[in-house]
Amino acid sequence: MDKQLLLNYGQVPLTGVYMLGEDYLFQKTAATDSDNRDPVTGSIQFPRVDLSVLLTEEATQSHQDLFWNKKQTVAEHSFLTYPSAFKSVIADNSGGIYPFQHTDHALLTRCGYKMGKIPNQDRSFIVNFLLDVNEGKFLNLDANENKSKGNGAFDPLFQKALLMGIFDGHGGRGHEVSHYIALEFPKVFTKTMRQKQHTLPLPLLDCIRNSKMGHHVENYMKEALKETFLEVDAHEPVKGTGGSTASVLFYPGIESKVYIANAGDSATIIAAFSNSRKESTIVYQNRKHKPHLEDERQRIENAGGQVMIPPSLLRGDTNSPGLKDTSRLIIPSANGFGSMALAMSRSIGDFDGKAVGLIAEPDVDVWDVRQHYQAHQFDRKQELDTQWFAVIASDGVYDMLAPEKVVEYLGRSLFDGHSSGTIISPLEACERLIREASRLWKKESSLSMGGMQYRDDITLGVSKIDFPSM
């Protein structure tokens with residue numbers, strides 16, 4: 001990588017929506033028809049905006065200033081209640097900067113306040129594409145443009161696939177690592193999938209549709225995700241004082257299985273929304289890799305590493321949101337002076353930690369909506385009553401807000417936006433939740449850090465999952 005480019009690499013977060021060419025070079029969606037460009041084969045959405053550029057920084061203001069400032073950032077009242085005391089800065093700009101808001105997905109971030117000019121180290125994306133296995137490439141078509149068969153049924157070949165990812169950087173150059181992952185992961189993953197197609201007895205989509213091929217598909221997907229994590233880790237540019245979590249969800253666009261790969265302590269959630277009850281329920285949440293977990297600790301100690309476990313964790317005080325101690329992996333400095341205490345046992349990067357048991361290999365889980373229906377004895381009416389969505393978030397969200405609260409709020413924005421007479425888009429729901437987490441960070445840090453203000457980077461994304469009828 002060019003030395004001059006490295007000086008500013010990752011200083012500014014990735015935002016906006018882009019098209020992906022055959023070689024997965026980014027191409028802006030504003031390209032005109034006259035542009036002579038490669039065929040578009042997919043699209044990727046980064047957060048619409050970093051809210052820090054639209055909000056006045058409340059961490060530097062008094063409570064009185066907060067209540068009266070022009071952006072109406074009220075520190076004393078929840079942003080999640082109706083009617084709300086605050087005015088959306090996204091909605092404020094809807095006539096110009098953000099004229100269109102999707103109804104099926106949203107992604108938003110806010111840089112933290114860390115007592116210094118530390119850039120936003122969170123990165124995230126939502127990728128939608130179509131997998132043409134026969135040609136081994138991804139094609140980008142809008143849902144309204146799905147090709148149909150002569151009988152009117154949608155051809156599964158043209159159902160949209162979904163790839164979501166959250167990457168929370170840490171350390172002095174963590175923003176460089178997370179930035180690299182967000183740019184490279186889709187390319188590496190799709191390349192790996194192409195290269196591994198020969199391991200399947202049939203083309204991928206045929207295998208997915210064939211119930212007898214389930215174990216072949218699962219092994220293929222798991223290996224593709226694991227190899228992607230390891231390749232991205234091997235080529236991350238820092239190789240030193242920086243690392244990142246990585247939590248990724250992949251739904252191929254057909255059939256019933258979702259694949260979730262995770263390394264670190266970021267969260268991916270799958271949730272169900274009941275149309276009749278107007279309620280959301282978490283049905284899956286990935287395991288967070290903490291050093292004190294039995295298998296993680298054993299691996300670390302077998303490698304000669306050391307785990308620090310705080311007394312509060314030994315007491316089991318882990319359920320309520322808010323700032324709390326966590327177990328940490330002690331990573332000695334490469335120069336022999338000092339050490340870093342890492343709050344996770346797996347990550348991308350953190351090069352020095354590999355010698356003391358830190359690994360980049362993810363856990364890969366398979367969640368099957370058909371098995372969920374069977375396990376809960378859903379009848380046809382209950383199946384039709386249920387809609388599905390996925391949530392990705394950095395710990396800047398869940399350190400302050402319970403996952404159940406986040407899921408409930410996002411579910412209503414996706415499927416019940418007119419409740420209480422208020423129309424709220426998924427993007428505005430993400431804004432409200434991020435600003436509520438910001439408010440609680442200000443309150444909690446004031447109480448627990450002797451008045452010193454601190455707020456972690458906060459990123460939140462949501463997308464519907466359109467499972468076919470089972």
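Nothing here was measured: the structure is a model prediction, and the numbers come from that model.
In this structure, Arg435 is positioned above the aromatic face of Phe79, its NZ or CZ under 6.0 Å from the six-membered ring centre and within 45° of the axis.
Within 6.0 Å of CD in Gln298 there are 12 or fewer heavy atoms belonging to other residues, nucleotides or ligands. For Lys405, the NZ atom sits in a loose shell: 12 or fewer heavy atoms of surrounding residues, nucleotides or ligands are nearer than 6.0 Å.
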- [ ] Output, in order, the C-alpha distance, side-chain angles, deciding distance and verdict of side chain to side chain donor-acceptor pair (under 3.5 Å) for Thr459 and Asp168.
- [x] CA-CA 9 Å; Thr459 298; Asp168 184 351; over 6 Å; no

TODO: Show your working on side chain to side chain donor-acceptor pair (under 3.5 Å) between Ser247 and Thr268 and close with a plain yes or no.
DONE: CA-CA 6 Å; Ser247 190; Thr268 295; 2.7 Å; yes

Task: side chain to side chain donor-acceptor pair (under 3.5 Å) evaluation trace for Arg370 with Ser256 - done: CA-CA 6 Å; Arg370 181 179 281 110; Ser256 60; 3.1 Å; yes

- [ ] Go through Arg297 and His292 one step at a time and tell me if the side chain to side chain donor-acceptor pair (under 3.5 Å) criterion holds.
- [x] CA-CA 5 Å; Arg297 182 177 180 179; His292 70 278; over 6 Å; no

TODO: With side-chain contact (heavy atoms from CB on, under 4.5 Å) as the test, would you mind laying out the steps for Met213 and Leu204 before giving the verdict?
DONE: CA-CA 10 Å; Met213 297 289 175; Leu204 175 58; over 6 Å; no

Task: Asp265/His289 under side-chain contact (heavy atoms from CB on, under 4.5 Å): CA gap, chis, key distance, verdict - done: CA-CA 6 Å; Asp265 62 357; His289 294 122; over 6 Å; no

Task: Derivation and outcome, side-chain contact (heavy atoms from CB on, under 4.5 Å), residues Phe229 and Val364 - done: CA-CA 11 Å; Phe229 271 64; Val364 183; over 6 Å; no

Open item on the list: The test is side-chain contact (heavy atoms from CB on, under 4.5 Å); show your working for Asp363 and Arg287 and say whether it passes.
Closed with: CA-CA 8 Å; Asp363 283 337; Arg287 183 178 78 140; 3.2 Å; yes

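A 4.5 Å side-chain heavy-atom check between Phe273 and Asp416 finds at least one atom pair inside the cut-off. When side chains are defined from C-beta on, Asp206 counts as touching Pro203, because their heavy atoms get closer than 4.5 Å. Side-chain contact between Glu383 and Asp379: absent, with no pair of heavy atoms (C-beta onward) separated by less than 4.5 Å.
Partner of Glu296 under the salt bridge (Lys or Arg N to Asp or Glu O under 4.0 Å) criterion, out of Lys290, Lys288, Arg346: Arg346 alone.
Of the N and O atoms on the side chains of Ser78 and Arg432, not one donor lies less than 3.5 Å from an acceptor on the other residue. Counted by atom type alone, His175 and Asp122 present zero donor-acceptor pairs between their side chains at under 3.5 Å. In this structure, a donor-acceptor pair under 3.5 Å is present between the side chains of Arg110 and Ser438. With no hydrogens or angles considered, no side-chain donor-acceptor pair links Asp50 and Thr109 at under 3.5 Å.
The two residues Pro119 and Lys114 have their closest heavy-atom pair at O-NZ, 4.0 Å. Closest of all the heavy-atom pairs between Met344 and Leu329 is O-CB, 3.9 Å. Nearest heavy-atom pair across Leu107 and Phe46 is CD2-C, 3.6 Å. Residue Pro47 comes nearest to Ser124 through the heavy atom pair CG-OG, 3.4 Å, listed as atom of the first residue, atom of the second, then distance. Heavy atoms only, all atoms of each residue included: Arg123 and Ala182 are closest at CB-CB, 3.8 Å. Annotation for Lys257 and Pro252: closest pair O-CD, 3.5 Å, computed over non-hydrogen atoms.
For an aromatic pair to be called close, the ring centres must be under 6.0 Å apart, and Phe167 with Phe125 satisfies this. A centroid separation of 6.0 Å or more is found between the aromatic rings of Tyr259 and Tyr251. Not less than 6.0 angstrom separates the ring centroid of His105 from the ring centroid of Phe389. Ring centers of Trp441 and Tyr454: under 6.0 Å apart, within the cut-off.
With values rounded to the nearest 0.5 angstrom, Ser463 atom OG is found 8.5 Å from Leu249 atom CG. Note that OG of Ser413 is 12.5 Å distant from CD of Glu431, once rounded to the nearest 0.5 Å. How far CD of Glu223 is from NZ of Lys196: 5.5 Å, rounded to the nearest 0.5 Å. In this structure, OG on Ser178 lies 14.0 Å from CZ on Phe185, to the nearest 0.5 angstrom. Taken from CD1 in Ile458 to SG in Cys430, the straight-line distance is 12.0 Å, to the nearest 0.5 Å. The distance from atom OG1 of Thr245 to atom CG of Asp395, rounded to the nearest 0.5 Å, is 7.5 Å.
Without hydrogens or angle criteria, Asn262 side chain to Asn286 main chain gives no donor-acceptor distance under 3.5 Å. Between the side chain of Tyr220 and the main chain of Met193, a donor-acceptor pair closer than 3.5 Å is present. Put simply, the side chain of Asn219 gets close to the backbone of His215: a donor and an acceptor are under 3.5 Å apart. Side-chain N or O atoms of Arg455 include one that pairs as donor or acceptor with a backbone N or O of Cys111 at under 3.5 Å. With hydrogens and angles ignored, the 3.5 Å screen pairs a side-chain donor or acceptor of Arg299 with a backbone N or O of Ser345. Using modelled atom types, one side-chain atom of Asp233 and one backbone atom of Gly349 make a donor-acceptor pair closer than 3.5 Å. Proximity of a side-chain donor or acceptor of Asn275 to a complementary backbone N or O of Asp385 within less than 3.5 Å is detected.
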